[in-house]
Protein chains: 2
Amino acid sequence: MIQKELLDHYGAVEKRYEKSDVIFEVGTNAHYYYQIISGEVKMNNYNEEGKEFIQGFFKPGESFGEPPLFVNRLYPANAIATEDSVILAIKKDLFKQFLLEHPSEAISIIENLAQRLHYKAVMAAEIASEDPEHRVLQLIDYAINHFDLSKDDNGYLVDFTRQQIGDLTGLRVETVIRAIKSLEKKQMLKIINRKVYREI
Amino acid sequence: MIQKELLDHYGAVEKRYEKSDVIFEVGTNAHYYYQIISGEVKMNNYNEEGKEFIQGFFKPGESFGEPPLFVNRLYPANAIATEDSVILAIKKDLFKQFLLEHPSEAISIIENLAQRLHYKAVMAAEIASEDPEHRVLQLIDYAINHFDLSKDDNGYLVDFTRQQIGDLTGLRVETVIRAIKSLEKKQMLKIINRKVYREI
DNA sequence: TTCAATTTATGACTTGAGTCATAAGTCTAA
DNA sequence: TTAGACTTATGACTCAAGTCATAAATTGAA
């Protein structure tokens with residue numbers, strides 16, 4: 001995350017999006033650096049049959065959609081507000097100028113990209129080679145270790161819906177539901193009134 | 001790519017690897033920044049049954065394995081020399097010092113990560129949601145547009161084996177062979193004495 | 001408060017990618 | 001030069017995830 005005060009001198013504007021507003025679409029050119037002030041954003045793709053794949057969720061303080069600012073490519077996915085959100089937007093050229101004049105902030109961008117690349121490397125191998133139960137458990141454990149899941153007496157609460165887990169792992173809802181049930185039977189997970197918990 | 005001369009002042013050493021030598025393994029800590037001088041490296045994973053997933057190939061001038069230098073994570077995959085290779089290695093701490101003292105080089109790292117993140121976003125959506133023919137064609141078109149495929153009278157030559165295409169897309173060799181045959185029938189590809197060509 | 005949409009759930013059936021076997025062509029290192 | 005490994009190829013069979021239908025519980029917006 002880059003301090004808002006620093007970005008303000010480079011024409012940063014606060015954009016407001018309502019839940020389910022589209023911030024940018026797959027196949028278009030990148031014009032802005034985006035950093036979330038409040039709300040939540042998801043990046044996703046839809047295939048020809050309308051099946052969704054979720055690239056990731058982004059929360060306050062996080063930036064998204066940088067790659068096409070630095071390499072000559074189009075957006076590989078859509079960005080959609082999943083809640084009413086306020087997002088800081090800086091024009092591409094001004095953002096690049098900012099980085100040149102604040103080189104230490106480049107490390108912040110590197111750390112962010114490094115983190116996302118790590119997630120994608122783990123999930124790509126998982127989706128390409130593992131069975132549903134393995135995929136679901138890997139996603140849950142990744143979320144516990146690297147996202148901000150809350151912990152209580154029952155363990156870590158997995159606050160994804162079954163549908164979201166499916167869209168993150170390339171599985172159908174029914175398959176996720178069955179995988180979670182099976183993992184519960186094997187005592188790898190707990191289901192307490194429909195909520196999923198994991199103890200590590 | 002960062003100029004070798006710049007890195008030399010930070011304790012860069014040339015490491016030599018023979019074909020199929022392991023450079024680092026999944027689950028271990030990162031100690032070096034790696035940049036290829038000559039040869040080729042692949043990053044991959046093996047699942048429990050030994051099925052391989054190839055995260056990517058890296059060629060002279062390219063760096064690899066940076067994410068765990070910048071975030072506190074373990075390597076998500078193995079790095080293996082696919083040819084006899086010479087690789088520049090700089091100790092993690094010295095590399096970070098280098099970046100602080102040569103801030104403009106950070107852009108080079110950002111561009112590299114951005115490029116790889118773009119590839120992974122495209123392929124993750126592909127592997128999660130598309131059928132074999134779509135996946136194979138997407139990989140080939142991505143390679144044509146963003147890697148260095150040679151073009152001749154027959155079109156772009158796809159210089160991956162069917163097995164490699166499978167390991168890059170999460171498919172079995174037989175499935176790739178059948179997908180390529182079917183794509184040839186649909187005139188999306190040409191097969192000329194076992195080599196695959198694509199005209200765009 | 002209510003009604004529609006979403007989420008979790010389960011059973012029966014289908015299907016396409018995986019598996020296995022086999023073989024011919026090609027490459028490569030001794 | 002040759003033997004073994006790899007690559008491309010094809011057919012038959014299997015099975016696990018997807019599909020479809022249905023329904024109850026929960027959520028949330030009007």
Side-chain angles (χ1 to χ4, degrees), chain A residues 18-20 40 42 47-54 80 82-84 126-140 157-186 189-197, chain B residues 18-20 42 47-54 80 82-84 126-140 157-185 189-197:
Chain A
E18 288 181 28
K19 184 174 175 168
S20 69
E40 189 189 60
K42 78 172 166 189
N47 76 357
E48 305 68 43
E49 284 91 42
K51 182 181 193 299
E52 181 176 5
F53 174 69
I54 300 177
I80 296 166
T82 54
E83 301 171 3
D84 291 355
E126 197 64 26
I127 293 171
S129 307
E130 304 290 354
D131 60 57
E133 290 183 27
H134 199 287
R135 289 196 218 180
V136 168
L137 207 53
Q138 175 73 279
L139 176 73
I140 289 172
L157 170 62
V158 179
D159 63 348
F160 289 127
T161 66
R162 314 290 198 266
Q163 182 65 61
Q164 287 174 331
I165 292 175
D167 293 343
L168 285 160
T169 56
L171 298 168
R172 296 287 159 168
V173 215
E174 299 93 324
T175 304
V176 173
I177 289 170
R178 286 165 185 146
I180 288 175
K181 291 261 155 178
S182 169
L183 287 165
E184 188 200 22
K185 216 166 269 173
K186 295 175 184 167
L189 295 175
K190 284 195 284 188
I191 306 178
I192 297 167
N193 55 35
R194 305 173 137 219
K195 299 211 155 287
V196 179
Y197 293 88
Chain B
E18 288 182 29
K19 184 173 176 170
S20 69
K42 79 173 166 187
N47 76 357
E48 306 67 43
E49 284 91 43
K51 183 180 191 300
E52 180 176 5
F53 174 70
I54 299 177
I80 296 166
T82 53
E83 301 170 3
D84 292 355
E126 198 64 27
I127 293 171
S129 307
E130 304 290 355
D131 59 57
E133 290 182 28
H134 200 286
R135 290 197 218 179
V136 168
L137 206 53
Q138 174 74 278
L139 176 73
I140 289 173
L157 170 63
V158 179
D159 62 348
F160 290 126
T161 65
R162 315 291 198 264
Q163 181 66 63
Q164 287 173 331
I165 293 175
D167 293 343
L168 286 159
T169 55
L171 298 168
R172 296 288 161 168
V173 213
E174 299 95 323
T175 304
V176 173
I177 289 170
R178 286 164 185 148
I180 288 176
K181 290 259 155 179
S182 169
L183 287 166
E184 187 200 22
K185 216 166 272 175
L189 295 175
K190 285 195 283 188
I191 306 178
I192 297 167
N193 57 32
R194 304 174 137 217
K195 300 212 155 284
V196 179
Y197 293 88

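We name chains A, B, ... by the order of the sequence lines, and we start the count at 1 in each one.
Counting to the nearest Å, the C1' atom of D:dC6 and the CD atom of B:Gln164 are 12 Å from each other. Across the protein-nucleic acid pair, A:Phe160 atom CZ and C:dT8 atom P stand 13 Å apart, rounded to whole Å. Spacing between atom CD of A:Glu130 and atom C1' of C:dG18 amounts to 15 Å, rounded to whole angstrom units. Atom CD1 of A:Ile177 is separated from atom P of D:dA25 by 15 Å (rounded to the nearest Å). Computed from coordinates, the B:Leu171 CG to D:dA9 C1' distance equals 17 Å when rounded to whole Å. The distance between atom CD of A:Glu184 and atom C1' of C:dT10, rounded to the nearest whole Å, is 15 Å. For the pair B:His134 NE2 and C:dG16 P, the computed distance is 17 Å after rounding to whole Å. In this structure, B:Arg172 places its CZ atom 22 Å from P of D:dA12, rounding to the nearest Å.
Comparing D:dA9, C:dA9, C:dT19 by their nearest atom to the side chain of B:Arg162 picks out D:dA9. Listed nucleotides C:dA9, D:dG18, D:dT10 differ in distance to B:Lys181; the shortest reach to its side chain belongs to D:dT10. Side-chain proximity of A:Thr161 to the nucleotides C:dT7, C:dA17, D:dA17 is greatest for C:dT7.
In this structure, the salt bridge (Lys or Arg N to Asp or Glu O under 4.0 Å) partners of A:Glu52, at least two apart in sequence or on a different chain, are A:Lys42.
From A:Asp84, atom CG reaches atom NZ of A:Lys19 across 8.5 Å, with rounding to the nearest 0.5 Å.
Nearer to the 5' terminus of DNA chain D, by closest-nucleotide assignment, is the contact made by B:Gln163 (compared with the other of B:Gln163 and A:Arg135).
For the pair A:Arg135 (side chain) and A:Glu130 (backbone), a donor-acceptor distance under 3.5 Å is present.
Five base pairs at each end of the helix from C:dT1-D:dA30 to C:dA30-D:dT1 define two local axes, and these are offset by 60° (rounded to 10°).
Using a 4.0 Å heavy-atom distance criterion, A:Gly170 is classed as a sugar-phosphate-only contact.
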Tabulated below should be each protein N or O lying under 3.5 Å from an N or O of nucleotides 20-30 of chain C; please produce it.
| from | atom 1 | to | atom 2 | distance (Å) |
| --- | --- | --- | --- | --- |
| C:dC20 | N4 | B:Glu174 | OE2 | 3.3 |

